There are 4 protein chains.
Amino acid sequence: MRPTGRSADPSAAKEDRRQALVRAAYNQIAENGFEGLRTREVAAEVGLNIATLHYYFPTKESLIAGVVDYAMQRFRSTLAPHGFPADQLAIHLRAVRDLLRDEPQLGGVMGELELRSARDPQIAAIMQSTYDAWHRAVRGLLQRAVRHGHMRPELDSDDVAAAIVAVLTSMTLPTVSSAGRTDRVLRQLERWLGIDSGPGQDQPTPTGQNMPGK
Amino acid sequence: MRPTGRSADPSAAKEDRRQALVRAAYNQIAENGFEGLRTREVAAEVGLNIATLHYYFPTKESLIAGVVDYAMQRFRSTLAPHGFPADQLAIHLRAVRDLLRDEPQLGGVMGELELRSARDPQIAAIMQSTYDAWHRAVRGLLQRAVRHGHMRPELDSDDVAAAIVAVLTSMTLPTVSSAGRTDRVLRQLERWLGIDSGPGQDQPTPTGQNMPGK
Amino acid sequence: MRPTGRSADPSAAKEDRRQALVRAAYNQIAENGFEGLRTREVAAEVGLNIATLHYYFPTKESLIAGVVDYAMQRFRSTLAPHGFPADQLAIHLRAVRDLLRDEPQLGGVMGELELRSARDPQIAAIMQSTYDAWHRAVRGLLQRAVRHGHMRPELDSDDVAAAIVAVLTSMTLPTVSSAGRTDRVLRQLERWLGIDSGPGQDQPTPTGQNMPGK
Amino acid sequence: MRPTGRSADPSAAKEDRRQALVRAAYNQIAENGFEGLRTREVAAEVGLNIATLHYYFPTKESLIAGVVDYAMQRFRSTLAPHGFPADQLAIHLRAVRDLLRDEPQLGGVMGELELRSARDPQIAAIMQSTYDAWHRAVRGLLQRAVRHGHMRPELDSDDVAAAIVAVLTSMTLPTVSSAGRTDRVLRQLERWLGIDSGPGQDQPTPTGQNMPGK
DNA sequence: AATGAATGAGAGTTCATTCAT
DNA sequence: AATGAATGAACTCTCATTCAT
């Protein structure tokens with residue numbers, strides 16, 4: 001009675017199809033943007049007829065809603081790790097970078113959602129709450145780091161969290177992410193946070209401009 | 001007293017019309033995205049027939065090119081001040097914030113261009129060169145600031161410039177810019193750079209987390 | 001008893017629709033020329049929406065290709081009889097005349113294709129090969145006729161075939177075909193070929209200018 | 001007081017412009033057919049503005065009428081030579097061939113007019129009367145040739161004239177005129193008429209199938 | 001659960017024509 | 001006599017959506 005696979009449970013099979021369609025749409029958006037999202041293409045990629053797509057998703061908007069869900073879950077699942085020990089902030093930054101590097105579509109889709117949220121209140125709400133959760137998570141990390149004495153107590157955890165989220169978000173944009181700027185940006189962010197550990201991808205930079213105590 | 005308006009110079013009048021169309025398209029993109037850009041709407045907004053729009057811009061693509069030009073000029077003109085004394089980096093950051101605040105459309109359009117550049121090589125080239133110029137300008141500021149003793153000499157001006165550009169860019173995104181996050185982010189950036197002149201919008205908060213020497 | 005009409009075989013029904021559209025386009029071209037061919041009209045004539053027409057023929061050009069096929073087949077089917085006994089050249093000439101008389105659209109469409117071939121290499125190729133085949137068929141007839149002693153041996157079968165094809169082709173032109181000139185022309189051609197079997201449509205005019213021996 | 005040239009007479013200058021426009025349209029039709037005739041292009045080719053074209057020719061149809069006139073005059077002028085001695089029929093055939101060879105546009109335009117006449121009664125009338133005149137001229141030649149003993153008395157001058165005109169007309173069609181078929185056709189026509197003079201373009205063929213004297 | 005066929009609404013683009021200057 | 005600017009009408013083509021099967 002596994003809920004996945006083409007097995008007994010009919011409603012599971014249905015969910016499979018839906019997932020396949022959502023993933024196809026997700027890829028399409030990553031590649032062509034909302035502008036270039038064609039339901040026919042999505043259906044074709046899954047090997048289905050347009051009409052069948054509309055059986056699963058009555059309207060294009062509902063399919064997009066599915067994509068938003070999928071992207072968010074994809075994002076969150078990787079971004080909100082389990083334990084978060086003391087200085088796992090560094091791990092978090094790397095995780096984001098790795099995620100964007102390994103699944104380049106995600107950046108594109110997030111960017112598209114970002115923009116769409118300016119016009120689509122429904123998406124805006126989802127995005128906002130996701131970012132709020134993210135912000136809170138990062139802020140929590142910062143506070144714990146301060147409590148553990150790994151960061152300067154006078155930092156405004158709200159402001160720093162906002163800045164971190166902003167920098168990480170900018171990395172989804174093509175212009176910033178291109179030409180290896182990503183690594184530059186991330187490295188500098190680590191320096192500012194005093195969590196740069198040298199190797200990463202690159203050279204040992206034991207400077208630590210911001211953490212005089214170090 | 002240039003011949004703006006329906007006055008003497010005929011070629012100026014033509015340029016006026018073109019500008020009006022470009023601005024209308026610019027607004028449309030800001031409001032509805034590239035996805036929602038309709039030439040008929042643009043023409044109507046200026047009070048012209050579509051055929052007339054095509055008289056000025058043979059193709060939709062050429063109109064978009066006009067918009068790109070306009071947005072870039074809008075962006076650059078405010079971003080590349082003339083003199084740049086020693087600590088004008090702060091002024092620059094504020095200028096960007098003010099520009100995005102006072103002309104909210106600009107953020108939207110830049111975001112759209114940003115995304116489009118992932119698929120449109122022509123736009124990508126323009127965006128890239130603009131960002132490169134921006135990066136160089138900021139880096140130059142940083143280097144001068146270091147030379148004048150206003151910043152720590154060991155900073156990697158390339159990395160810091162990249163981070164600054166990334167943060168400022170992220171401010172064009174709706175999610176980041178909403179809910180007053182912009183100010184948070186900017187304030188923190190200033191702190192990191194050691195150029196913060198106070199909390200909120202302007203009040204003096206001489207903390208200076210990053211520039212211990214100062 | 002093939003599944004014509006709205007009966008069993010679904011793919012046959014599809015082919016029916018395609019045929020109906022092609023025939024409608026064929027009629028439109030005959031009536032208004034390529035210049036006046038409007039997809040909307042074609043669809044309307046069959047009782048379909050334009051979008052549906054594009055379902056069957058993705059582009060106007062592909063619809064035209066269908067028309068070319070149809071016209072050619074219409075032409076060939078009647079022009080390349082089965083057996084061709086000795087003096088069937090006469091039959092061939094009459095068949096062409098009858099075809100053009102009974103299906104006046106064909107002349108118009110062929111004329112249009114003729115002209116279009118001056119600008120459209122694709123059509124030019126089709127027309128050329130059709131005419132070549134026709135030329136060869138006629139030449140073959142002539143040679144057999146010579147071999148059987150029904151025509152003078154010294155005739156240049158290539159030249160005569162070219163002339164015959166030219167005359168028959170000219171009969172598709174409105175000016176030539178109008179005012180009963182067709183019959184005049186054909187009668188004279190028969191005389192030159194020595195196969196004339198009578199005046200007007202049928203009256204016996206045993207002159208036979210060309211076949212003195214006969 | 002020459003009526004041509006850019007001199008004194010204002011109405012002559014006007015006529016010049018008209019002629020230039022007509023000739024430009026004529027060339028355009030030869031190249032692109034009626035289908036591809038664009039008034040803007042015509043005006044541009046003469047170096048005028050569209051609006052100016054409409055000053056000379058209020059409507060596109062009126063411009064076309066001008067082209068018809070021009071083509072007809074071009075055709076007639078060369079086709080109806082002055083003297084016509086006894087066997088000038090041969091000269092006539094050669095003249096037509098040379099005309100079509102030396103001014104290839106004429107064939108195209110005549111073909112277009114030919115087809116258009118199927119839909120445009122006005123053009124049909126002009127074409128018809130031109131062809132009638134041509135037919136009569138050729139018939140006159142034949143009759144004189146018979147009277148002078150250069151042709152067989154029993155020929156039906158009406159039928160032969162019709163056939164000649166048909167063959168010559170077919171030579172305006174691209175498919176017939178291509179691939180050197182023209183010469184074949186013409187040569188054979190000359191043989192049938194008994195006026196082949198051997199060399200022409202090619203080999204001496206003194207056969208003369210049709211001249212009983214042989 | 002799946003599909004082929006059909007559609008309405010609308011997109012960008014073209015073109016002959018007009019009008020004020 | 002000439003033009004730049006403007007327009008209406010029409011064209012081909014696209015796409016999300018629907019419906020009978």
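Remember, it's a predicted structure, so these values are computed and weren't measured experimentally.
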| request: Can you tell me which residue pairs pass the side-chain hydrogen bond (donor to acceptor under 3.5 Å, both in side chains) test with a partner in residues 44-59 of chain B, sequence neighbours excluded? | output: B/Gln28-B/Glu45
| Trace of the side chain to side chain contact (heavy atoms under 4.5 Å, CB included) decision for D/Val68 with D/Gln122 | CA-CA 10 Å; D/Val68 173; D/Gln122 215 166 335; over 6 Å; no
| Within less than 4.0 Å of OP1 or OP2 of E/dA2, is there a side-chain N or O belonging to A/Asn49? | no
| task | Select one nucleotide: of F/dT7, E/dT18, F/dA6, the one nearest the side-chain heavy atoms of D/Ile50. | result | E/dT18
| said: Is it true that, when you exclude C/Gln19 itself, more than 12 heavy atoms of the residues, nucleotides or ligands shown sit nearer than 6.0 Å to its CD? | reply: yes
| said: With the threshold set at under 4.0 Å for non-hydrogen atoms, list the residues of residues 24-46 of chain C touching DNA chain E in residue-number order. | reply: C/Arg40
| message | Suppose we screen for salt bridge (Lys or Arg N to Asp or Glu O under 4.0 Å). Which residues come up paired with C/Glu112, at least two apart in sequence or across chains? | response | D/Arg119
| Heavy-atom side-chain contact between A/Asn27 and A/Glu31 under 4.5 Å | no
| Approximate separation, where rounding is to 0.5 Å, of B/Leu63 CG and B/Arg18 CZ | 9.0 Å
| Close side-chain approach of A/Met110 to A/Met72, heavy-atom, < 4.5 Å | yes
| message | Any heavy-atom pair between the side chains of C/Asp120 and C/Glu61 that's under 4.5 Å? | response | yes
| task | Give the dot-bracket string for DNA chain F, reading 5' to 3', where a pair is Watson-Crick or G-U wobble with both distances under 3.5 Å, ( ) marks pairs inside the strand, [ ] marks pairs crossing earlier ones, | marks a partner on another strand, and . marks unpaired. | result | .||||||||||||||||||||
| remark: Value for CD1 (C/Ile64) from CZ (C/Phe34), rounded to nearest 0.5 Å, stands at 5.0 Å
| message | Using a 4.0 Å cut-off on heavy atoms, which residues in residues 51-67 of chain B reach DNA chain E? List them by number, or say none. | response | B/Ala51, B/His54, B/Thr59, B/Lys60
| query | Quick one: B/Asp16 CG to F/dG4 C1', roughly how many Å, whole number? | reply | 15 Å
Sequence neighbours excluded and cut-off under 3.5 Å, please list the side-chain donor-acceptor pairs for residues 35-42 of chain D, or say none.
residue, atom, partner, partner atom, Å
D/Glu35, OE2, C/Arg116, NH2, 2.6
D/Arg38, NH1, D/Glu35, O, 3.1
D/Arg38, NH2, D/Glu35, O, 3.4

| said: OP1 or OP2 of F/dA2 versus the side-chain N and O atoms of D/Arg17: is any pair under 4.0 Å? | reply: yes
| field | Atom-to-atom span, NZ of A/Lys14 to P of E/dA2 - whole angstrom | value | 10 Å
| Quick one: does B/Arg74's side chain get under 4.5 Å of B/Val109's, heavy atoms only? | no
| note | B/Leu48 atom CG is separated from E/dC19 atom P, nearest whole Å, by 18 Å
